[in-house]
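In what follows, a structure is listed as structure tokens, so that the remarks can point back to it.
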Amino acid sequence: PIQVIVTAIAAAGAREDSTRIGSGGVVRRQAVDVSPLRRVNQAIYLICKGARESAFRSLKSISETLADEFINAAKGSQGNSY
């Protein structure tokens with residue numbers, strides 16, 4: 001059970017992000033790598049947000065939707081996980 005949570009958090013974080021770089025009024029997006037701590041924090045945030053949104057006005061409880069989010073994120077199914 002714990003390994004599912006660890007796998008879900010490792011798989012759910014973004015590896016790459018973009019930042020704004022600009023000078024003189026011209027702004028463009030630049031791809032940057034994401035630090036490991038930010039990946040973990042972002043993964044936990046996204047899993048919890050997905051569980052909250054799917055439990056809202058639903059018959060499922062928050063614990064059931066959180067378990068579903070962990071399982072779907074660990075499987076790597078992009079359609080079912082937030």
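Note that these values count all heavy atoms, side chains included, but never hydrogens, waters or copies made by symmetry. We're numbering straight along the sequence, starting at 1.
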Problem - Minimum heavy-atom distance Lys60-Asp68, with the two atoms named - result: NZ-OD2, 2.6 Å
Handout entry: Residue pair Arg15 / Val34, side-chain heavy-atom distance below 4.5 Å
Key = no
Handout entry: Ile71 reachable from Ile5 in the ILVMFWY side-chain graph, under 4.5 Å edges
Key = no
Completion exercise
Between Val4 and Phe70 the two heavy atoms that sit nearest each other are CG1-O, 4.1 Å
Practice task
Go through the structure and list residues passing side chain to side chain donor-acceptor pair (under 3.5 Å) with Ser18, not counting sequence neighbours.
Solution key: Arg29
Practice task
Using modelled atom types only, decide if a donor and an acceptor are shared between the side chain of Arg39 and the backbone of Ala10 within a distance under 3.5 Å.
Solution key: yes
Handout entry: Nearest-0.5 Å distance, OG1 of residue Thr19 to CZ of residue Arg28
Key = 11.0 Å
Handout entry: Atom pair CG/OG of Asn41 and Ser35 - distance to nearest 0.5 Å
Key = 8.0 Å
Practice task
Write down the atom of Glu69, the atom of Ala51, and the distance for their closest heavy-atom approach.
Solution key: CG-N, 3.7 Å
Problem - Closest contact, heavy atoms only, Ala8 versus Ala73 - result: CB-CB, 3.8 Å
